[in-house]
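Let me begin by presenting the structure, written as structure tokens, before commenting on it.
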Amino acid sequence: MPERTAGTVMIVDDEEMVLTALRTFLELETPWAVREFTSPHDALEALATERIDVVLADFMMPDMDGISFLKEVRGQKPHVSRILLTGYADVENAIRAINEAGLYHYLEKPWDNEHLRMVIRNGMERSSLVNELDARISALEQANGELLEVRSRLIRMFL
Amino acid sequence: MSPESPTDIGDAVNSAKLSTLGMLVAGVAHEVNTPLGALASNHDVIKRAMGKLQDILADEVVDETELAEVRRIVRALDGILKVNDLAVTRVLELVGSLRSFGRLDRSETDRLDLHEGIDNALVLLRHRMERRVRIEKDYAELPPVECFPQQLNQVFMNLLLNAIQAIEGEGTITVVTAPDDRGVRIEIHDTGRGIAPELMETIFEPGFTTKGNRVGMGLGLLISRQIVDRHGGRISVRSELGRGSTFMVTLPLELPIESDAGGTPSDPAP
């Protein structure tokens with residue numbers, strides 16, 4: 001099944017077994033590159049220098065919980081789509097996550113691979129649309145700047 | 001809420017038991033969902049991989065590219081099968097602890113290996129400790145103790161849960177067991193915040209809690225003491241503010257004669 005955008009997914013979970021399961025599925029069944037981390041701190045360091053399109057993070061991690069981590073991701077790279085993976089349905093935390101970390105999606109363990117693929121694909125699209133929009137906005141801003149420049153030159157010529 | 005009449009205390013003890021049970025169920029659901037999530041995903045991947053392998057092998061001739069793909073799939077399967085071993089072991093251990101903790105399959109009084117009860121409680125509380133609380137065990141050889149296993153397990157659960165909650169950030173819980181002239185001794189030491197000297201008198205009283213005013217809260221130590229009393233044992237505490245607490249339980253090897261099998265903490269004799 002061809003995907004419209006190939007990109008990179010970052011997965012962060014303190015449990016190796018979850019990382020291995022996610023990575024194996026993504027590598028065998030999708031065109032996306034995978035970067036995996038057991039430590040949210042290491043993940044943030046990598047995020048600063050690498051191109052990441054979608055971040056999928058576990059909620060319960062010993063060093064930093066998934067919501068705080070995704071909040072940091074938003075601060076550092078607002079265009080990256082953020083997905084929280086949680087082990088136990090917890091409405092209170094879901095609401096907190098959506099409000100605080102500006103979540104793109106919320107998934108529960110055990111997850112369904114087909115659903116996961118769809119959520120990541122939509123996240124990829126969202127990231128690339130936001131990137132594109134940003135590029136268009138800065139192009140517009142540049143054009144607008146040039147226009148203002150021309151206008152002031154014209155005004156100076158005729159006054 | 002301050003329970004006064006025996007009925008009030010009975011109700012309060014029951015709601016405390018339910019609150020522990022609710023916490024346990026939520027915790028175990030969370031703990032099971034991690035290995036289960038990996039297992040479910042891996043099962044799906046194995047089915048997909050099987051389909052791919054069958055497609056490749058359906059051809060008369062397998063070329064180099066296909067062979068490389070077969071090798072890639074087999075490597076991936078090897079990795080997830082190792083994960084499945086771990087995941088299955090984890091689920092079996094959790095379910096085993098839960099069953100043994102509840103003693104669903106045994107009669108009410110039994111001779112219990114206390115270490116088994118403590119270890120089960122530790123497995124069930126693992127999600128509360130994550131990696132911030134380290135457990136150290138100093139177990140001596142102990143004879144089995146005649147007891148109401150379900151009730152003693154409740155005591156271990158209460159004391160360990162308190163120890164975990166007393167630790168802010170990182171810390172250590174040390175469990176020491178030893179034979180005692182009266183029977184056996186269990187010590188649970190934590191490096192947590194400790195108990196203020198002026199509160200030491202009240203910690204075994206109903207309603208003592210540091211966890212906010214909720215139904216079923218503040219009865220853990222009261223219930224623990226009632227249970228230990230019923231077993232003819234003693235429970236005591238040593239604590240230093242800011243450095244930690246040690247709860248000591250001593251138990252005789254045999255139940256006292258007056259301990260009737262029907263007596264549970266949820267229906268105290270009037």
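In what follows, chains are A, B, ... by sequence order, proteins preceding strands, each numbered from 1. The basis for the numbers below is simple: all heavy atoms, side chains too, and nothing from hydrogens, waters or symmetry mates.
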Considering only heavy atoms and a distance below 4.5 Å, find which of [options] pairs most often with chain A.
{"options": "B:Glu69, B:Lys82, B:Met129, B:Arg90", "value": "B:Arg90"}
{"options": "B:Val83, B:Leu39, B:Leu86", "value": "B:Val83"}
{"options": "B:Ile73, B:Ile80, B:Asn84, B:Thr34", "value": "B:Thr34"}
{"options": "B:Val32, B:Asp44, B:Leu36", "value": "B:Asp44"}

Would A:Glu36 and A:Arg23 count as a salt bridge (Lys or Arg N to Asp or Glu O under 4.0 Å) if you check the C-alpha gap in whole Å, the side-chain angles of each, and the deciding distance to 0.1 Å? CA-CA 8 Å; A:Glu36 58 186 305; A:Arg23 180 195 1 104; 2.4 Å; yes
Taking A:Arg136 first and then A:Glu132, would you say they form a salt bridge - that is, a charged N and a carboxylate O separated by under 4.0 Å? yes
Would the distance check show the side chain of B:Ser41 and the main-chain N or O of B:Ala38 forming a donor-acceptor pair, the cut-off being under 3.5 Å?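 Side chain of B:Ser41 to backbone of B:Ala38: no pair is present.
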Main chain of A:Phe69, side chain of A:Glu72: is a donor-acceptor contact present, judged purely on distance under 3.5 Å?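 No; judged by distance alone, with no hydrogens or angles, the pair does not exist.
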Do B:Thr191 and B:Thr172 have a side chain donor and acceptor closer than 3.5 Å?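 B:Thr172 and B:Thr191 do not have a side-chain donor-acceptor pair below 3.5 Å.
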Under a 4.5 Å heavy-atom cutoff, which of A:Leu22, A:Thr20, A:Asp58 has the most pairs with chain B?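 Looking at each option in turn, the highest pair count goes to A:Thr20.
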What residue, out of A:Leu116, A:Asp14, A:Val18, A:Leu85, has the most heavy-atom pairs lying under 4.5 Å from chain B? A:Asp14
Give, as side chain, backbone, both or neither, the part of B:Lys52 having an atom under 4.5 angstrom from any heavy atom of chain A.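 For B:Lys52, the contact with chain A is made by the side chain alone.
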Evaluate the ring planes of B:His115 and B:Tyr139, with Trp represented by its six-membered ring, and classify them as parallel (under 30°), tilted (30 to 60°) or perpendicular (over 60°).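 The arrangement is parallel - the two ring planes meet at less than 30°.
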Please look at A:Met60 and chain B and tell me whether the side chain, the backbone, both or neither of the residue comes under 4.5 angstrom of a heavy atom of that chain. side chain
